[in-house]
Engineer: 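Sharing a structure, written as structure tokens. Questions coming.
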Amino acid sequence: MRVTHTEVDPSQSPAGAAAARLGAVIPAPVRVEPLPGVTYQLGPDTTVRATPEPGPLAVAEQLAELLRRPTGYALPVAPAGVATADGDISLLLTRESTEPESGGAEGYQLDATADGIVIRARTAAGLLHGVQTLRQLLPPAVDAGDPRPGPWLVPGGRIVDHPRYAYRGAMLDVARHFFDVPTVCRYVDQLARYKINHLHLHLTDDQGWRIGIDSWPLLAEVGGASQVGGGAGGYYSAHDYRRIVAYAASRHLTVVPEIDVPGHTNAALVAYPELAPGGVAPDRYAGTDVGFSALAVDNERTYAFLADVFGELADLTPGEFLHLGGDEAFTLPPAAYARFVERVQPIIAATGKRVLGWHQIAPAAHLDGRVVHYWGTTRHDAAVADAVRRGAQVLLSPADRSYLDMKYAADTRLGKEWAGRIEVRRAYNWEPANHLRDVPADRVLGVESPLWTETVTTPAEIEYLTFPRLPAIAELGWSAPGDRDWAGFRTRLAGQAPRWRAAGITFHASPQVPWPATGDAPAGTGEPAAGTAPVGTGEPAAETAPAGTAPAGPPLAGAGEVVPGPRAGTT
Ligand code: TNX
């Protein structure tokens with residue numbers, strides 16, 4: 001981030017401190033220009049104004065809804081351009097580009113003066129990213145679900161910002177343990193704070209099939225009724241899934257659904273033994289091994305099945321990608337596996353979607369638009385490099401950097417260790433553009449942090465593994481290398497803790513971060529105790545919204561984000 005005009009000593013005045021805060025944003029913005037001595041104050045008469053179109057008005061309503069509870073102000077939403085008063089917040093769609101032509105359409109410009117806040121962007125997504133920045137510029141109490149005293153000050157200045165990568169993702173494995181719609185929506189809100197724009201849902205695995213498919217009803221009804229450890233499991237009906245898609249869309253995240261084939265299919269084979277090699281039904285599986293299951297890849301019925309499944313999923317999914325999994329099909333010889341992938345890729349393309357698959361699909365024939373999802377731990381992969389030479393793009397989730405299910409340290413209770421332990425500095429200190437040798441920078445589509453859930457059962461556990469590593473990966477996806485450094489990041493990260501506490505977000509109090517002292521926090525890293533009961537979160541608005549519409553209110557900010565149980569501690 002370039003910060004200009006920093007001649008004010010922040011310790012000398014509240015306004016100076018406010019100016020210093022202008023750059024205290026994650027992901028680091030492209031350009032930050034403080035206006036020393038200038039401060040905006042949100043007040044009881046503030047109106048949130050927006051260009052009178054559905055997208056901007058929806059973003060304005062979200063912002064107002066977020067701010068009403070902590071401030072206690074009415075914060076009406078009104079169209080921009082009429083009777084604008086001093087002190088208003090305006091969200092304006094503009095034709096003018098706030099970013100380079102190649103930068104996509106998600107950029108924004110935020111201007112804070114004593115007279116008001118103006119966020120300009122070319123798209124509603126850009127406006128929402130500007131709103132997320134504005135939230136971080138307000139005091140941490142803005143994240144509280146109950147009334148707080150204020151004052152609600154924003155440092156004066158201008159931020160001009162746009163993302164580095166078009167794809168900034170997070171994956172939630174809802175197959176190993178099932179998570180209900182409110183929990184997924186809560187996660188969406190947490191991801192949106194850090195300008196993540198894709199939610200990858202790992203919908204199927206050996207332990208459970210989580211999406212209702214009309215033409216093969218037993219997949220969900222039978223295949224969904226299990227999970228790791230033997231619990232009841234669950235699945236999303238098409239209606240549930242649409243609610244997740246609509247909620248994510250209201251936060252400008254695109255859902256990327258994954259049906260993992262040909263391996264990781266035990267639950268599907270329990271439901272439909274005809275798809276199993278030899279037609280033999282396997283037992284249900286509630287353990288955590290991988291690689292033992294596979295579809296009957298030489299059976300034509302398998303491809304009719306896949307055409308039905310991906311066809312229905314494509315109809316439910318507005319986003320451009322369908323993820324076919326493709327990892328760890330250890331029982332298949334390479335040639336049979338490649339033949340399978342070469343049959344499935346065109347099935348997905350025929351639905352009008354782009355193919356995304358774990359990088360084991362790399363050796364298969366190229367198909368226009370396909371993306372290989374790298375999850376390895378080495379800096380070179382000959383098959384991936386070759387797939388890129390043949391036209392593929394790469395999505396980066398190196399397991400030793402971006403996997404949210406790896407333990408932080410030896411004493412982390414949750415998580416695994418096969419890709420090493422990942423403290424937040426390790427998650428942050430790598431460079432996507434040159435991570436893989438022989439993969440040119442311009443073939444990298446973006447980055448994603450996957451959360452596998454073999455060891456994860458509650459929202460608090462999801463959060464503990466997600467924070468603070470997700471913000472690190474989010475910054476790699478958004479901010480250019482010249483705008484990033486660990487020393488600055490850890491300081492900005494420390495500033496997020498009071499916000500997470502106010503919002504009730506559980507996090508790992510990493511010893512690598514200079515968290516502010518709170519006085520009331522318990523010692524330790526904040527890891528939830530084993531056996532902590534699943535948390536009943538507030539019912540989100542998404543629950544009540546009709547399918548296919550963007551729900552109005554943010555259920556999960558403020559009070560709805562409060563998670564009872566152990567709070568994160570400080571170091
Ligand atoms: C590997 S990463 C897997 C998953 C496991 C994960 C656990 C990948 C594509 N496959 O099946 O859940 O490790 O860390």
Side-chain angles (χ1 to χ4, degrees), residues 169-179 198 200-210 226-229 233 256-268 285-295 321-332 337 340-341 344 355-364 370-378 381 383-384 387 394-408 412-422 426-427 435-436 447-457 461-462 464-466 469-470 473:
M171 188 205 82
L172 185 63
D173 169 9
V174 296
R176 268 51 177 272
H177 283 101
F178 180 65
F179 297 97
H198 285 80
H200 169 187
L201 289 175
H202 182 74
L203 289 169
T204 67
D205 214 301
D206 292 315
Q207 299 85 350
W209 182 286
R210 308 296 180 207
S226 51
Q227 63 180 2
V228 166
V256 178
E258 176 186 350
I259 301 293
D260 198 351
V261 289
H264 291 272
T265 43
N266 197 77
Y285 186 69
T288 59
D289 287 347
V290 296
F292 57 88
S293 60
L295 295 168
F321 291 106
L322 296 184
H323 201 304
L324 64 78
D327 57 317
E328 299 173 322
F330 298 147
T331 62
L332 294 177
Y337 172 85
F340 172 85
V341 173
V344 182
V355 169
L356 184 53
W358 297 110
H359 73 268
Q360 280 67 33
I361 72 166
R370 82 170 182 149
V371 177
V372 296
H373 191 173
Y374 182 71
W375 60 282
T377 57
T378 58
D381 184 298
V384 170
V394 177
L395 176 60
L396 288 171
S397 294
D400 56 335
R401 301 286 184 169
S402 71
Y403 266 34
L404 298 177
D405 69 320
M406 290 303 121
K407 290 180 185 292
Y408 289 103
T412 308
R413 179 179 67 82
L414 298 166
K416 300 194 163 205
E417 295 191 283
W418 67 263
R421 298 173 192 140
I422 307 179
R426 183 165 180 79
H435 189 73
L436 280 182
V447 293
E448 179 177 296
S449 8
L451 178 54
W452 303 97
T453 60
E454 286 95 333
T455 66
V456 179
T457 58
E461 291 175 349
I462 290 176
Y464 181 77
L465 291 173
T466 298
R469 289 181 291 199
L470 182 278
I473 301 299

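Computed over heavy atoms, backbone and side chain alike; hydrogens, waters and symmetry mates excluded. Just follow the structure's listing: the first ligand is 1, and inside any ligand the first atom is 1. Only a predicted model underlies this, so the values are computations on that prediction, with no experimental measurement involved.
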Engineer: Which heavy atom of the protein is the closest neighbour of atom 11 (O) of ligand 1, given with residue, atom name and distance?
Structural biologist: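 Heavy-atom neighbour on the protein nearest atom 11 (O) of ligand 1: Arg176 NH2, 2.9 Å.
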Engineer: Does ligand 1 have any atom that is closer than 4.0 Å to a heavy atom of His373?
Structural biologist: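 So His373 does not count as touching ligand 1.
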Engineer: Evaluate Trp452 for polar contact with ligand 1, using N/O atom pairs at a separation under 3.5 Å.
Structural biologist: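 In fact, backbone or side chain, Trp452 has no N or O that close.
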Engineer: Thinking salt bridges, do Arg176 and Glu454 make one under a 4.0 Å N-O criterion?
Structural biologist: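 Salt bridge: yes.
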Engineer: Less than 4.5 Å apart, side chain to side chain, heavy atoms only: is that true for Val174 and Leu203?
Structural biologist: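 They are in side-chain contact.
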Engineer: Minimum heavy-atom separation for Gly325 and Ile361, please, with both atom names.
Structural biologist: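 Looks like O-CG2, 4.1 Å.
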Engineer: Is the ring pair Trp418/Trp375 parallel, tilted or perpendicular, if the boundaries are 30 and 60 degrees?
Structural biologist: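 Judged by the thresholds at 30° and 60°, the geometry between Trp418 and Trp375 is perpendicular.
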Engineer: For the pair Asp400 and Arg426, find out whether any cationic side-chain nitrogen is under 4.0 Å from an anionic carboxylate oxygen.
Structural biologist: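 Salt bridge between Asp400 and Arg426, a charged N being under 4.0 Å from a carboxylate O: yes.
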Engineer: Which of the atoms in ligand 1, numbered in the order shown and given with their element, are less than 4.0 Å from a heavy-atom of Trp358?
Structural biologist: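 Here the atoms of ligand 1 in question are 9 (C).
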Engineer: Return a yes/no value for Trp418: is any of its N or O atoms, backbone included, closer than 3.5 angstrom to an N or O of ligand 1?
Structural biologist: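 Yes.
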Engineer: Does any N or O of ligand 1 fall below 3.5 Å from an N or O anywhere on Asp173, backbone included?
Structural biologist: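 No, no N or O pair falls under 3.5 Å.
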Engineer: Would you say His264 contacts ligand 1, with heavy atoms under 4.0 Å as the rule?
Structural biologist: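 Checking ligand 1 against His264, which is what was asked, there is a heavy-atom contact under 4.0 Å.
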Engineer: Quick one: look up the protein heavy atom nearest atom 1 (C) of ligand 1 and list residue, atom name and how far away it is.
Structural biologist: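 Its nearest protein heavy-atom neighbour is Glu328 OE2, 3.6 Å.
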Engineer: For Ala399 and Ile422, work out which heavy atoms get closest and say how close.
Structural biologist: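 Here Ala399 and Ile422 meet closest at O-CD1, 3.2 Å.
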Engineer: Considering the heavy atoms of Asp405, write down every atom of ligand 1 situated less than 4.0 Å from one of them.
Structural biologist: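 The atoms of ligand 1 under 4.0 Å from a heavy atom of Asp405 are 7 (C), 14 (O).
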Engineer: Determine whether Asp405 and Val456 make a side-chain contact, defined as any pair of heavy atoms from C-beta on separated by less than 4.5 Å.
Structural biologist: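 No, too far: nothing below the 4.5 Å cut-off.
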Engineer: Regarding ligand 1, does Trp375 bring an N or O atom to under 3.5 Å of one of the ligand's N or O atoms?
Structural biologist: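 There is no such contact.
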Engineer: If the cut-off is 4.0 Å to any non-hydrogen atom of Tyr403, which atoms of ligand 1 fall inside it?
Structural biologist: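 Result: 2 (S), 8 (C).
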Engineer: Does Asp327, backbone or side chain, put an N or O under 3.5 Å from an N or O of ligand 1?
Structural biologist: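 Yes.
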Engineer: As an exercise, identify every atom of ligand 1 less than 4.0 angstrom from a heavy atom of Glu454.
Structural biologist: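 Checking each atom against Glu454, I get 5 (C), 7 (C), 12 (O).
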Engineer: Looking only at side-chain N and O atoms, does Trp358 offer a donor or acceptor that is under 3.5 Å from a partner on Glu258?
Structural biologist: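 Glu258 vs Trp358: donor-acceptor pair found between side chains.
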Engineer: Looking at Met406, which atoms of ligand 1 are within less than 4.0 Å of one of its heavy atoms?
Structural biologist: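 Checking each atom against Met406, I get 14 (O).
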Engineer: Which residue in the set His202, His198, His359, His323 passes ring pair (Phe, Tyr, Trp, His ring centres under 6.0 Å) when paired with His373?
Structural biologist: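 Between His373 and the candidates, ring pair (Phe, Tyr, Trp, His ring centres under 6.0 Å) is satisfied uniquely by His323.
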